[in-house]
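Here is the structure we will look at, set down as structure tokens.
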Amino acid sequence: IHGMKGSTCTRKVLTAAEETGVPYTFVYVDAFNGEHKQPEYLEKNHPFAKVPFINHGDFHAYESLALLRYIAEVFDKTGTFYPKDPKVRAIAEQWISVHESYYHAEKIVTELY
């Protein structure tokens, strides 16, 4: 898991990894010094210059919600982290959507200014 521990989105993915028992290595991305805006970072890791992203074997992905869903599908065999039942999952998705649409910090700041 590549990111910054101060990043809310990185913390979401780290928490999911911990909760589901995923073995991982944390790789610090030095966004304070612009590492995430370097051409090689943008090309290989995240085209929008954000964190987190993961490399899992030959699989590479970014965007915290996509990573949460991936971790749940691959590592949560019990279905407790991300429900398997379609109706229960729909409610979980509803609240994920509410969070992203109305409460995500970046959106709030953008709307204020």
Side-chain angles (χ1 to χ4, degrees):
I1 300 171
H2 300 249
M4 292 180 53
K5 288 194 176 175
S7 155
T8 302
C9 293
T10 299
R11 286 196 318 264
K12 286 190 284 191
V13 175
L14 291 170
T15 299
E18 291 290 332
E19 289 292 320
T20 55
V22 175
Y24 69 90
T25 301
F26 180 75
V27 179
Y28 175 72
V29 175
D30 190 359
F32 290 116
N33 288 312
E35 178 183 350
H36 65 305
K37 294 186 179 183
Q38 299 305 309
E40 61 274 9
Y41 181 94
L42 296 170
E43 182 180 327
K44 290 176 21 180
N45 303 318
H46 198 310
F48 303 110
K50 303 286 186 182
V51 292
F53 69 90
I54 64 166
N55 292 314
H56 181 224
D58 64 350
F59 178 71
H60 174 83
Y62 55 87
E63 290 301 315
S64 61
L65 289 179
L67 302 180
L68 293 175
R69 290 178 178 107
Y70 177 76
I71 289 170
E73 289 293 332
V74 174
F75 297 100
D76 180 23
K77 303 305 180 199
T78 65
T80 56
F81 183 73
Y82 195 55
K84 302 290 184 200
D85 178 272
K87 290 178 182 175
V88 178
R89 182 175 275 200
I91 298 301
E93 285 293 335
Q94 171 184 288
W95 286 107
I96 290 168
S97 296
V98 166
H99 171 264
E100 284 302 298
S101 296
Y102 303 107
Y103 295 106
H104 194 272
E106 190 173 315
K107 286 184 178 282
I108 291 170
V109 170
T110 302
E111 289 175 11
L112 287 175
Y113 300 99

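Predicted, not measured: the structure shown is a model, and the values here were computed from it.
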Side chains of Tyr70 and His56, donor plus acceptor under 3.5 Å: yes

pair Ile96-Arg69: side-chain heavy atoms closer than 4.5 Å: yes

Exercise: identify the closest heavy-atom pair between Ile71 and Ala17: CD1-N, 4.3 Å

Straight-line distance of Glu35 CD to Asn45 CG, nearest 0.5 Å: 8.0 Å

Backbone N/O of Phe81 and side chain of Asp76: donor-acceptor pair under 3.5 Å: yes

Thr25 vs Ile1 side-chain heavy atoms within contact, under 4.5 Å: no

Main-chain N/O of Val74 paired with Lys77 side-chain donor or acceptor, under 3.5 Å: yes

Approximate separation, where rounding is to 0.5 Å, of His36 NE2 and Met4 CE: 8.0 Å

Neighbour count above 12 (heavy atom, 6.0 Å) for Phe32 CZ: no

Derivation and outcome, side chain to side chain contact (heavy atoms under 4.5 Å, CB included), residues Tyr24 and Ile54: CA-CA 10 Å; Tyr24 69 90; Ile54 64 166; over 6 Å; no

Minimum side-chain heavy-atom gap Ser97-Gln94 below 4.5 Å: no

Chi angles and distances behind the side chain to side chain contact (heavy atoms under 4.5 Å, CB included) call for Phe48, Tyr62: CA-CA 10 Å; Phe48 303 110; Tyr62 55 87; 4.1 Å; yes

Non-hydrogen atoms of Lys37 and Ala49 that approach each other most closely: CG-CB, 4.2 Å

Shortest non-hydrogen contact between Pro52 and Val13, atoms and distance: CG-CG2, 3.8 Å

Residues in ring-ring contact (aromatic ring centres under 6.0 Å, His included) contact with Tyr28, at least two apart in sequence or another chain: none

Heavy atoms from other residues, nucleotides or ligands near CD of Gln38 exceed 12 (cutoff 6.0 Å): yes

Straight-line distance of Leu67 CG to Cys9 SG, nearest 0.5 Å: 9.5 Å

Minimum side-chain heavy-atom gap His2-Asn55 below 4.5 Å: yes

All ring-ring contact (aromatic ring centres under 6.0 Å, His included) counterparts of His60, not counting sequence neighbours: Phe53

pair Phe26-Thr10: side-chain heavy atoms closer than 4.5 Å: yes

Donor-acceptor pair, side chain of Arg89 and main chain of Lys84, under 3.5 angstrom: no

Test side chain to side chain contact (heavy atoms under 4.5 Å, CB included) applied to Leu14 and Lys5, step by step: CA-CA 9 Å; Leu14 291 170; Lys5 288 194 176 175; 4.2 Å; yes

